[in-house]
Amino acid sequence: MVKIDGVIFKRMIISGANNLYNTYPEIDNLNVFPVPDGDTGTNMNLTMSSGVQEVFNKTESSLSKVASDFALGLFSSGRGNSGVILSAIFKGFAEALKGKDSTDALGFADAFVMGRKVAYNSVITPVEGTILTVIREASQALYDQVKPNMAIDKCMDILYDEAMKSLARTPDLLPVLKEVGVVDSGGAGLCKILEGFKKALHNDIVEKNMPTVVTSSTPYTSAKPVVEEVGNVQAKFAHKEFGYCTQFLLNLADANNLPKDKKLFNEKRFKAVLESHGNSIVYSKNDSLVKIHIHTLKPGDILTYAQQFGEFKTIKVDNMSEQHEELLLDDKNEREQAGLSSNEGMIDVKTSAAPTVIKKPKVKKDIGIVAVSVGKGINELFSSLLVDYIVSGGQSMNPSTGDIVNALKAIDCKNVIILPNNGNIVMAANQAAEIMKDVYNVKVIPTKSITEGLTACMVFNPEGSFEENIESMVDAYKASKSAEVTYAVRDTKLDGVEIKKGQFIAISGKRILACDNDKIKVLFKLINQMVDSDSELISIYCGEDVSNKEREKLEKELSKKFSDDYDIQVLDGGQPVYSFFVSVE
């Protein structure tokens, strides 16, 4: 095969997306920090899934059309830095193929070179040893080796092999990767996609399976990763298949005293598995209890997966197919008695996911604020500080470019400030601002934590000009110090700190400052390192795992140790994953 068209490229896209989906927990596990929000694989998987949706049901044969549709799907749904960079790669790829129904090896190589250029241009300060390095080195190697009339599958072999070689070199470019013993997670995700492309061109299209859970901390070393299969996902949950209404109440295992046969609960990954297994999902969590409602074709797979994290208190499974047949029969009899035809008057009911935007403005304003937030208490604080739209997301789940665009459209203000409040959301926010620049005057203040966002909002003046507010908000968040306390999901050593799975760890920026088995002790170690002679205010936002007893203990100890020198406020944030958000001003 010396050329590919849209039909072939569509098969490549599906195969690449499935290959990533099958192993995205493996990519998540490459997170440098041993925290429960490693989400590169999840972000890239959700981004790719949106790209696939744009092309899956279309019958286009033009390569240009398929490539542009795929790029559009990625661009509008890019999540996290790696997801946004991935969308930029295929945006450039599509630009190079514009107007072409098919392409040969030379055009194929040129397209990936263009993808690399657009990806680098999308990042203000490119960092080597990342997904950018992998696409740059792989595309350049292909460009150097490609020849006229070379088979496309041969081109793909070269691209994938060179990408894997580049991935293996990433620890040499980023010392922190070498210290932890992993390769770059974004680069690894790209390699999974390229591997799927390669297999499709060799007539071995990857099918979607249940994603694997990696138990090895270094799955990209020379040894094969140790994985645990957690079942096969249904290939497709068709609307006509009703399956089983499955409900259960799960008592989670104690994270601080984890039994050998149980795993640490990861809310983000748990939800992702639910979404891959069915629909009509209702999820709620209160302390150590998780309540689930899901319509699925294979309830056994869901129950087996869930039991890894605790023990069931209640389980209920109903066969909706049988219930539906009974309802149809009853409805048919009633309709016949009423003299109606078989379909007359029937309503098609469709379900959809809950909206990302959770607060709607009452009055249109000249300056609007969109903030990314997580946790009931944090949301309420942002609302009280005149934030107009709160986009759900943050450490445990990054919103997409499209989510932020939708918020901008809904707020409909001439001037809008976006507070991403997470370093992994800044690129998506910038991309959303770029998309809407001809409609609104949008400014992204690149806050990288929830507390930076709150600090910025505290100085917002609705009577001030847009420019004055931008300046004061930037000055305020830059003058503050931010940190978090969470728990470790694996043993590691980072920044000279020995960390054991299940311990609490304090993180500031890209550094781990302390660890301990007691979250309160870790918090005090953190505060001691954050305060200095210029500090005046210590703000602590308690997560959903902090009990009333722990909060009372914390307030007493803080008052005893710090109240003479600093103002102190302890607030209920209600955020998942992170026990404490900390700000020192």
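We number each residue from 1, following the sequence as shown.
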With no hydrogens and no angle check, just 3.5 Å: does a side-chain donor-acceptor pair link [X] and [Y]?
{"X": "Ser77", "Y": "Thr47", "result": "no"}
{"X": "Glu585", "Y": "Ser480", "result": "no"}
{"X": "Ser400", "Y": "Asp403", "result": "yes"}
{"X": "Asp572", "Y": "Tyr541", "result": "no"}
{"X": "Ser539", "Y": "Ser583", "result": "no"}
{"X": "Ser535", "Y": "Asp532", "result": "yes"}

Note, [X] side chain near [Y] side chain (heavy atom, < 4.5 Å):
{"X": "Tyr120", "Y": "Leu132", "answer": "yes"}
{"X": "Ile404", "Y": "Ile425", "answer": "yes"}
{"X": "Ile512", "Y": "Ile499", "answer": "yes"}
{"X": "Thr486", "Y": "Phe504", "answer": "no"}
{"X": "Cys457", "Y": "Phe382", "answer": "yes"}
{"X": "Val370", "Y": "Ile417", "answer": "no"}
{"X": "Arg551", "Y": "Val570", "answer": "yes"}
{"X": "Leu571", "Y": "Leu381", "answer": "yes"}

Between [atom1] of [X] and [atom2] of [Y], what distance do you get to the nearest 0.5 Å?
{"X": "Lys91", "Y": "Gln431", "atom1": "NZ", "atom2": "CD", "answer": "8.5 Å"}
{"X": "Ser82", "Y": "Ile89", "atom1": "OG", "atom2": "CD1", "answer": "9.0 Å"}
{"X": "Phe581", "Y": "Glu452", "atom1": "CZ", "atom2": "CD", "answer": "12.0 Å"}
{"X": "Asn528", "Y": "Phe562", "atom1": "CG", "atom2": "CZ", "answer": "4.5 Å"}
{"X": "Asp184", "Y": "Leu30", "atom1": "CG", "atom2": "CG", "answer": "8.5 Å"}
{"X": "Glu463", "Y": "Ile367", "atom1": "CD", "atom2": "CD1", "answer": "9.5 Å"}

Is it true that [X] and [Y] make a salt bridge, defined as a side-chain N closer than 4.0 Å to a carboxylate O?
{"X": "Glu552", "Y": "Lys549", "result": "no"}
{"X": "Glu179", "Y": "Lys493", "result": "no"}
{"X": "Lys376", "Y": "Glu544", "result": "no"}

Do you know the tightest heavy-atom contact between Ala433 and Val444?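 Residues Ala433 and Val444, closest heavy atoms: CB-CG2, 4.0 Å.
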Strictly distance-based, threshold 3.5 Å: is any side-chain N or O of [X] a donor or acceptor partner for the main-chain N or O of [Y]?
{"X": "Thr170", "Y": "Ser166", "result": "no"}
{"X": "Ser559", "Y": "Glu555", "result": "no"}
{"X": "Asn29", "Y": "Pro25", "result": "no"}
{"X": "Arg79", "Y": "Asn398", "result": "yes"}
{"X": "Asn424", "Y": "Asn81", "result": "yes"}
{"X": "Asp388", "Y": "Ile369", "result": "yes"}

CA sep, side-chain torsions, deciding dist, call: Tyr487, Ile505, side chain to side chain contact (heavy atoms under 4.5 Å, CB included): CA-CA 6 Å; Tyr487 61 90; Ile505 54 178; over 6 Å; no
Identified side chain to side chain donor-acceptor pair (under 3.5 Å) partner of Asp28 from the options Thr23, Thr42, Thr40: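 Only one of Thr23, Thr42, Thr40 forms a side chain to side chain donor-acceptor pair (under 3.5 Å) with Asp28, namely Thr42.
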Run through Asn421, Thr447, Thr455, Thr451 and flag the one making a side chain to side chain donor-acceptor pair (under 3.5 Å) with Ser482.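 Exactly one pass, corresponding to Thr451.
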Should we count [atom1] of [X] as having more than 12 external heavy atoms under 6.0 Å?
{"X": "Glu471", "atom1": "CD", "answer": "no"}
{"X": "Lys262", "atom1": "NZ", "answer": "yes"}
{"X": "Lys525", "atom1": "NZ", "answer": "yes"}

Phe270 vs Phe309 aromatic rings, parallel, tilted or perpendicular, using cut-offs 30° and 60°?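 Phe270 and Phe309: perpendicular rings.
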Trace of the salt bridge (Lys or Arg N to Asp or Glu O under 4.0 Å) decision for Glu557 with Lys561: CA-CA 6 Å; Glu557 294 186 16; Lys561 187 166 184 178; over 6 Å; no
Going through the checks in order, is the side chain to side chain contact (heavy atoms under 4.5 Å, CB included) test met by Asn461 and Glu468? CA-CA 9 Å; Asn461 178 12; Glu468 289 171 343; 6.0 Å; no
Taking it one step at a time, do Phe524 and Asp518 satisfy side chain to side chain contact (heavy atoms under 4.5 Å, CB included)? CA-CA 10 Å; Phe524 275 86; Asp518 186 301; over 6 Å; no
